Amino acid sequence: MDLGYAGRVAVVTGGTSGIGLATARLLLGEGARVAICGRDGARLDAAQAALDGGDRLLAMRCDVLDKDQVAAFAQAVAGWGGGVLDLLVNNAGQGRVSTFAATTDEDWRQELELKFFSQVLPIRAFKPLLDRAAAPAIVGVNSLLALQPEPHMVCTSAARAGVQSLLKSLSHEFAPHIRVNSILLGLVDSGQWQRRFAVRPDTTQDRATWYGNLARQKGIPLARLGEPEEPARAILFLGSPAASYITGASLEVSGGLSRGI
Ligand code: NDP
């Protein structure tokens with residue numbers, strides 16, 4: 001199936017690691033022009049070198065929670081991409097592990113700001129460019145926690161549910177021109193889990209054992225964590241003209257972790 005990305009312009013926030021990096025790589029492979037951002041300069045340089053996209057790749061430092069930086073990123077993309085944007089992938093972010101007892105008011109504020117404004121600021125800044133594209137799309141990277149909250153990730157779960165509501169509303173407000181969809185992730189082997197592995201209490205456990213135990217503990221029917229390319233493929237599908245009649249939808253990419261029907 002031709003996903004129709006050749007010559008199209010895409011933005012992937014948090015495109016320097018994990019799922020964002022895999023998404024950028026697949027988009028470049030499909031012939032798209034791709035702009036990525038992240039906060040850390042060294043990670044950005046490494047991603048730029050690894051992606052090797054030549055003039056089809058724009059890599060820029062930008063904190064998606066900083067309105068001025070997001071505006072500057074959008075301006076750079078407008079100049080580089082010919083004033084249009086076909087796909088915005090809002091992927092930047094991370095989860096917070098904490099129970100209600102361990103979550104301070106300030107933690108709540110930070111988490112709600114991260115989850116909401118990592119969607120709101122890029123959508124506002126890139127909307128004029130999306131408006132000028134022929135068949136534009138937004139894909140929000142979200143988590144299954146939105147539907148299946150975990151007490152040990154209380155504020156992340158609550159914020160994820162709110163983001164799902166936001167994206168659903170936008171799929172109506174922006175219709176019929178811009179499609180808005182989301183993916184709901186389970187556990188994907190990327191930066192977040194690699195950082196948690198690095199600080200595992202039992203350092204005698206090797207990588208395969210630790211990840212295997214994690215998949216078992218979580219009861220993942222496919223018995224493993226996902227690879228970043230697996231959600232990336234779902235993002236490419238939802239963002240492409242191949243999904244032209246899909247908006248306001250969420251696609252679960254979790255190895256079957258959800259218990260809902
Ligand atoms: P990674 O840590 O591998 O990648 C996160 C990316 O986001 C990096 O490029 C990071 O770069 C960037 N980033 C983080 N904060 C900001 C910011 N404020 N502004 C700009 N860029 C930022 O994680 P994943 O690939 O796993 O995560 C991708 C998304 O998927 C995240 O939103 C995450 O919460 C979500 N998710 C992941 C799950 C998983 O199991 N992996 C499960 C559920 C959701 P830098 O730090 O340099 O800014």
Side-chain angles (χ1 to χ4, degrees), residues 11-26 34-48 50-51 59-74 88-97 110-122 125-126 139-150 152-153 155-157 159-161 163-164 167 182-198 211 214-215 217-218 220 222 224-232 234-235 250-255 257-258:
V11 162
V12 182
T13 68
T16 62
S17 169
I19 296 158
L21 181 63
T23 303
R25 183 177 289 118
L26 291 187
V34 184
I36 60 170
C37 76
R39 295 163 302 177
D40 183 86
R43 250 197 301 275
L44 201 64
D45 290 346
Q48 192 166 13
L51 289 170
M60 190 165 154
R61 266 179 93 166
C62 166
D63 181 340
V64 293
L65 301 184
D66 183 315
K67 199 173 178 172
D68 294 339
Q69 290 183 30
V70 177
F73 183 40
L88 171 62
V89 181
N90 280 327
N91 162 77
Q94 62 185 40
R96 180 187 289 272
V97 178
Q110 279 179 12
E111 186 62 5
L112 294 173
E113 185 184 0
L114 172 62
K115 293 297 179 291
F116 281 103
F117 284 88
S118 62
Q119 301 287 334
V120 169
L121 295 184
F126 285 104
V139 179
V141 175
N142 205 358
S143 163
L144 190 56
L145 293 172
L147 308 182
Q148 200 162 275
E150 294 271 4
H152 74 283
M153 294 185 78
C155 56
T156 290
S157 299
R160 295 290 195 192
V163 166
Q164 212 47 30
L167 296 173
S182 64
I183 60 162
L184 297 178
L185 299 173
L187 282 66
V188 176
D189 180 4
S190 56
Q192 306 200 48
W193 286 106
Q194 286 154 18
R195 287 190 291 275
R196 287 177 203 170
F197 170 69
Y211 274 80
L214 182 60
Q217 245 173 45
K218 298 283 179 185
I220 301 173
L222 294 188
R224 63 176 176 83
L225 271 66
E227 294 297 326
E229 289 72 17
E230 293 177 310
I235 293 168
S250 52
L251 179 53
E252 188 188 320
V253 186
S254 71
L257 188 57
S258 119

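Ligands are counted one by one from 1 in listed order, and the atoms in each one are counted from 1 as well. These numbers come from the heavy atoms of this one structure, side chains and all, not from hydrogens, waters or symmetry mates. What you are looking at is a predicted structure, and each value in this text was computed from that prediction instead of being measured.
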At under 4.0 Å between heavy atoms, is it the side chain or the backbone of Arg195 that contacts ligand 1, or both, or neither? side chain
Within 4.0 Å of some non-hydrogen atom of Asp40, the atoms of ligand 1 are 47 (O)
Closer than 3.5 angstrom, by distance alone: can the side chain of Gln119 be matched with the main-chain N or O of Val163 as a donor-acceptor pair? no
A student comparing Arg96, Arg39, Gln94 should find that the heavy atom closest to atom 14 (C) of ligand 1 comes from Arg39
Thr13 heavy atom under 4.0 Å from ligand 1: no
Could you tell me whether some N/O pair between Gly191 and ligand 1 is separated by less than 3.5 angstrom? yes
N or O pair under 3.5 Å between Val188 and ligand 1: yes
Nearest non-hydrogen protein atom to atom 5 (C) of ligand 1, with distance, is Gly93 O, 3.7 Å
Ligand 1-proximal atoms of Pro228, by part, heavy-atom distance under 4.0 Å: neither
Taking only heavy atoms of Leu187 into account, list the atoms of ligand 1 that are under 4.0 Å away from them. 40 (O)
Within the distance-only criterion (no hydrogens, no angle test), does the side chain of Lys115 pair as donor or acceptor with the backbone N or O of Gln110 below 3.5 angstrom? no
Closest to atom 7 (O) of ligand 1 among protein heavy atoms sits Gly14 CA, 3.4 Å
Check the angle between the aromatic planes of Phe197 and Tyr211 and answer parallel, tilted or perpendicular using the 30° and 60° thresholds. tilted
With heavy atoms of Cys62 as the reference, note each atom of ligand 1 found under 4.0 Å away. 19 (N), 20 (C)
List every atom of ligand 1 that sits less than 4.0 Å from any heavy atom of Ser190, numbering the atoms from 1 in the order shown and giving each element. 3 (O), 23 (O), 24 (P), 25 (O), 26 (O), 41 (N)
Could you tell me whether the side chains of Asp63 and Gln69 share a donor-acceptor contact shorter than 3.5 Å? no
Minimum distance, heavy atoms only, to atom 1 (P) of ligand 1: which one of Gly15, Ser17, Ala232 is it? Ser17
All heavy atoms of Thr13 vs all of Ala92, minimum pair found to be OG1-N, 3.0 Å
What part of Gln192, side chain from CB on, backbone N/CA/C/O, both or neither, has a heavy atom under 4.0 Å from ligand 1? both
Counting non-hydrogen protein atoms only, what is the nearest one to atom 18 (N) of ligand 1? Give residue, atom name and distance. Asp63 OD1, 2.9 Å
Suppose we measure from atom 19 (N) of ligand 1 to each protein heavy atom; which comes out shortest, and what is that distance? Val64 N, 2.9 Å
Where is the nearest protein heavy atom to atom 10 (C) of ligand 1: which residue, which atom, and how far? Thr16 OG1, 4.1 Å
So among Val97, Leu145, Leu144, which one has a side-chain contact (heavy atoms from CB on, under 4.5 Å) with Glu150? Leu145
Students should be able to answer this: which protein heavy-atom is nearest to atom 43 (C) of ligand 1, and at what distance? Ser143 CB, 3.6 Å
Answer yes if the side chains of Gln164 and Ser182 hold a donor-acceptor pair under 3.5 Å, and no otherwise. yes
What atoms in ligand 1 come closer than 4.0 Å to a heavy atom of Val141? 29 (C), 30 (O)
For a quick test of reading the model, state the closest non-hydrogen atom pair linking Leu257 to Gly186 and the distance between them. CD2-CA, 4.1 Å
With a 4.0 Å cut-off on heavy atoms, is Ala22 in contact with ligand 1? no
Any heavy-atom pair between the side chains of Asn90 and Leu167 that's under 4.5 Å? no
Touching ligand 1 at all, Pro231? Heavy atoms, strictly under 4.0 Å? no
Who's the nearest protein heavy-atom neighbour of atom 42 (C) of ligand 1, and how far? Gly186 O, 3.2 Å
Starting at CG of Asp45, measure out to CZ of Arg61 and round the result to the nearest 0.5 Å. 9.0 Å
Backbone or side-chain N or O of Ile19 under 3.5 Å from ligand 1 N or O: yes
Non-hydrogen atom of Arg160 closer than 4.0 Å to ligand 1: yes
Return the closest protein heavy atom for atom 21 (N) of ligand 1 as residue, atom name and distance. Ala92 CB, 3.5 Å
With only distance considered, is Arg43 within less than 3.5 Å of ligand 1 through an N or O on each side? yes
Quick one: look at Asn91 and ligand 1, take heavy-atom pairs under 4.0 Å, and tell me if it's side chain, backbone, both or neither. both
Ligand 1 and Cys37, any nitrogen or oxygen pair closer than 3.5 angstrom? no
